[in-house]
Amino acid sequence: MPRKSFCVYSHVRHLFLSPVSQYTFSRQISLSPSPNLKTLCSSGQLKEALLQMAILGPEVKFEGYDIILNECVSQRAIREGQRVHTHMIKTCYLPSVYLRTRLIVLYNKCDCLGDAREMFDEMPQRNVVSWTAMISAYSQRGFAFEALNLFVEMLRSDTEPNHFTFATILTSCYGSLGFETGRQIHSIAIKRNYESHMFVGSSLLDMYAKSGRIRDAHGVFHCLPERDVVACTAIISGYAQMGLDEEALKLFRQLQIEGMNSNSVTYASVLTALSGLAALNHGKQVHSHVLRSGQCSYVVLLNSLIDMYSKCGNVCYARRIFDSMPERTCISWNAMLVGYSKHGMAREVLELFKLMREENKVKPDSITYLAVLSGCSHGQLEDMGLEIFYNMVNGKDGIEPDMGHYGCVVDLLGRAGRVEEAFDFIKKMPFVPTAAIWGSLLGSCRVHSNVEIGIIVGQKLLELEPENAGNYVILSNLYASAGKWEDMRNIRDLMQEKAVTKEPGRSWVELDQIVHTFHASDHTHPRREEVAKKVKELSIKFKEDGYVPDLSCVLYDVDEEQKEKVLLGHSEKLALAFGLIATPEGTTIRVIKNLRICVDCHSFAKFVSKLYARTVILRDKNRFHNIVGGVCSCGDYW
DNA sequence: TTAGGGTTAG
């Protein structure tokens with residue numbers, strides 16, 4: 001009977017009694033506070049739960065605190081969480097290790113790292129979970145050294161780490177902490193038999209991949225007894241981040257055959273690789289997988305698709321995705337702006353930037369401004385670019401220009417032929433100019449034949465990066481055009497002595513979902529003889545129409561005939577010729593080059609488009625060249 | 001109670 005009357009009474013109490021009388025009632029019959037708090041918390045009514053907590057006073061026990069703290073964690077409710085903590089102190093409640101750990105987690109999730117540490121330091125006892133929670137807090141907030149110190153302290157305190165601890169600490173073992181630390185932790189994990197644990201293994205291979213040790217990463221992946229979607233994604237992403245795009249794609253396909261599940265992160269990772277390869281057809285296929293899998297509402301994935309389509313040369317598709325997005329992050333805007341910028345579509349860049357500011361939902365960041373400035377630079381809108389830059393300098397936009405933005409202005413002025421102005425601008429910069437900035441100006445000096453400044457800048461660059469062969473070549477050409485033959489020879493000798501051979505040129509074309517790669521003077525492609533013959537044939541044909549090989553593009557000190565032979569072996573010419581042979585008349589030829597396109601190949605591509613009525617879309621290291629009827633979207637200005 | 005993978009610039 002008492003049980004029954006309690007239920008009835010409880011119901012009545014809930015309906016009619018004031019909060020104060022509820023408290024009195026619960027004290028009288030020693031009612032457990034949990035059911036009420038549980039109901040309130042499970043329906044997300046945190047404020048009401050706190051009120052109830054205040055009413056219950058010292059009657060709130062472990063279960064009540066547990067429920068309410070859980071809700072605070074899931075809602076990231078810091079004020080409410082602090083009130084719970086204060087309530088514990090005021091009611092002289094001594095929280096267990098478990099509850100104190102929940103408070104550490106809460107403070108961490110609410111970005112109150114100091115409070116989390118204070119709680120950790122005050123703990124009379126700690127267990128592996130409290131140590132791991134605190135290490136995780138440091139790890140997640142980017143405090144790698146602090147995370148490592150705590151891990152070491154934990155080992156010294158004779159607390160045995162578990163698989164959670166290893167998975168956590170390994171996420172900090174790259175970058176500033178260095179890969180050797182990761183290797184040491186790997187050894188500790190092996191000794192404790194955690195190496196093959198799925199989460200530890202994923203963390204390990206990710207650590208190796210992020211440290212550029214892709215072989216070690218692959219070794220860990222290979223040894224995992226089981227592989228889930230995270231482990232597979234981590235290794236694919238590792239290859240993609242290293243720029244090993246073909247390997248990433250190959251692995252993705254292989255794992256798909258083996259039955260790997262893909263989620264939004266897997267797709268985002270493989271899209272990175274496809275963007276690198278500019279493999280549009282593969283990209284479309286992944287897009288359709290994404291649509292079929294029902295993951296097309298993830299902003300991050302849509303951002304990757306925007307980036308993939310624009311890097312594959314299809315900026316219209318990118319815009320379609322951008323327009324269809326129900327919500328956009330700053331990265332969505334940046335990806336679209338960068339896409340337009342790389343295609344030299346300065347007007348579209350400015351219109352989109354205007355729209356971004358008018359919508360005022362997402363604040364532009366430093367990268368937004370880099371994209372806009374670089375868009376103005378590539379699209380020859382230097383005055384507009386300068387206006388935007390000086391608004392930044394005057395603090396009108398709340399983004400302070402950094403070295404990158406100053407670099408864009410140097411590029412902007414230099415490309416526009418305002419070389420002296422660019423030189424003065426560098427001298428007045430509030431930063432010490434980097435090699436990249438001087439390199440940009442040297443490029444402008446070459447394009448606009450400013451020998452005087454070019455020689456000064458070239459000499460500075462030789463001091464800053466003596467290993468870069470490109471600088472020697474430009475400088476020696478500048479000396480040659482000034483008739484300073486002795487200086488020219490000295491530079492050539494110096495190059496032989498000091499310069500490191502530059503990254504070998506490589507171009508590729510995607511055809512029927514196969515990526516055909518060509519190297520300079522290729523000896524590997526199965527159709528190399530046919531392709532080389534076609535290049536020679538094209539050269540003769542183009543010469544009749546006015547093509548003059550630009551021998552200054554050749555690095556080597558050889559005679560003119562040899563120089564022309566070297567030029568004909570450039571990988572982008574091979575890829576263009578292959579495109580002509582292997583695709584039907586009238587179709588667009590898409591070529592990707594790993595380096596900047598040389599002046600001679602640019603001119604050659606224009607002849608291909610003009611004499612064969614083909615659109616040539618050529619992506620080099622810096623931008624797109626969309627060539628139609630012999631005219632390039634870059635305005636011969638890159 | 002604590003844990004692993006993703007996107008953007010020159």
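Letters A, B, ... are given to chains in the order of the sequence lines, protein chains preceding strands, and every chain is numbered from 1.
Residues that satisfy the ring-ring contact (aromatic ring centres under 6.0 Å, His included) test with A:F120, not counting sequence neighbours, are A:W131. Applying the side chain to side chain contact (heavy atoms under 4.5 Å, CB included) test to A:T329 and every residue at least two apart in sequence or in another chain returns A:V299, A:N303, A:I331, A:S332. Remark: A:E195 engages A:H186 in a side chain to side chain donor-acceptor pair (under 3.5 Å) (not counting sequence neighbours). Not counting sequence neighbours, A:D245 has no partner by the side chain to side chain donor-acceptor pair (under 3.5 Å) test. Residues meeting the salt bridge (charged side-chain N to carboxylate O under 4.0 Å, His left out) test with A:D66, sequence neighbours left out: none. For A:R418, the side chain to side chain donor-acceptor pair (under 3.5 Å) criterion is met by A:D383, A:E421, not counting sequence neighbours.
Counting any heavy atom pair closer than 4.0 Å across all strands shown, A:D66 reaches no nucleic acid atom. When heavy atoms are screened at a 4.0 angstrom cut-off, A:A231 is found touching base atoms of the nucleic acid. Using a 4.0 Å heavy-atom cutoff across all strands shown, A:V300 reaches at least one base atom of the nucleic acid. Residue contacts for A:T171: at a heavy-atom cut-off of 4.0 Å it reaches the sugar-phosphate backbone alone, with no base atom in range.
Of the charged side-chain nitrogens involved, at least one lies within less than 4.0 Å of a carboxylate oxygen, so that A:R192 and A:E160 count as a salt-bridged pair.
The stretch residues 304-324 of chain A participates, sequence neighbours left out, in these salt bridge (Lys or Arg N to Asp or Glu O under 4.0 Å) pairs: A:D307-A:K311, A:R319-A:D323. Within the structure, every pair that satisfies the salt bridge (Lys or Arg N to Asp or Glu O under 4.0 Å) test and touches residues 200-216 of chain A, not counting sequence neighbours, is listed here: A:R183-A:D216, A:D206-A:K210, A:R213-A:D216.
Contacts between residues 404-414 of chain A and DNA chain B, counted as heavy-atom distances below 4.0 Å, involve A:G404, A:D411. Within residues 201-220 of chain A, the residues approached by DNA chain B to less than 4.0 Å at the level of any non-hydrogen atom are A:S202, A:S203, A:D206, A:K210, in residue-number order.
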Which atom pairs, donor and acceptor, lie under 3.5 Å between side-chain atoms of residues 350-357 of chain A and protein residues at least two apart or in another chain?
unit_1: A:R357; atom_1: NH1; unit_2: A:Y369; atom_2: OH; d: 3.4
unit_1: A:R357; atom_1: NH1; unit_2: A:D397; atom_2: OD1; d: 2.9

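Scanning DNA chain B 5' to 3' for nucleotides with an atom closer than 4.0 angstrom to a non-hydrogen atom of chain A gives a first and last hit of B:dT1 to B:dG10.
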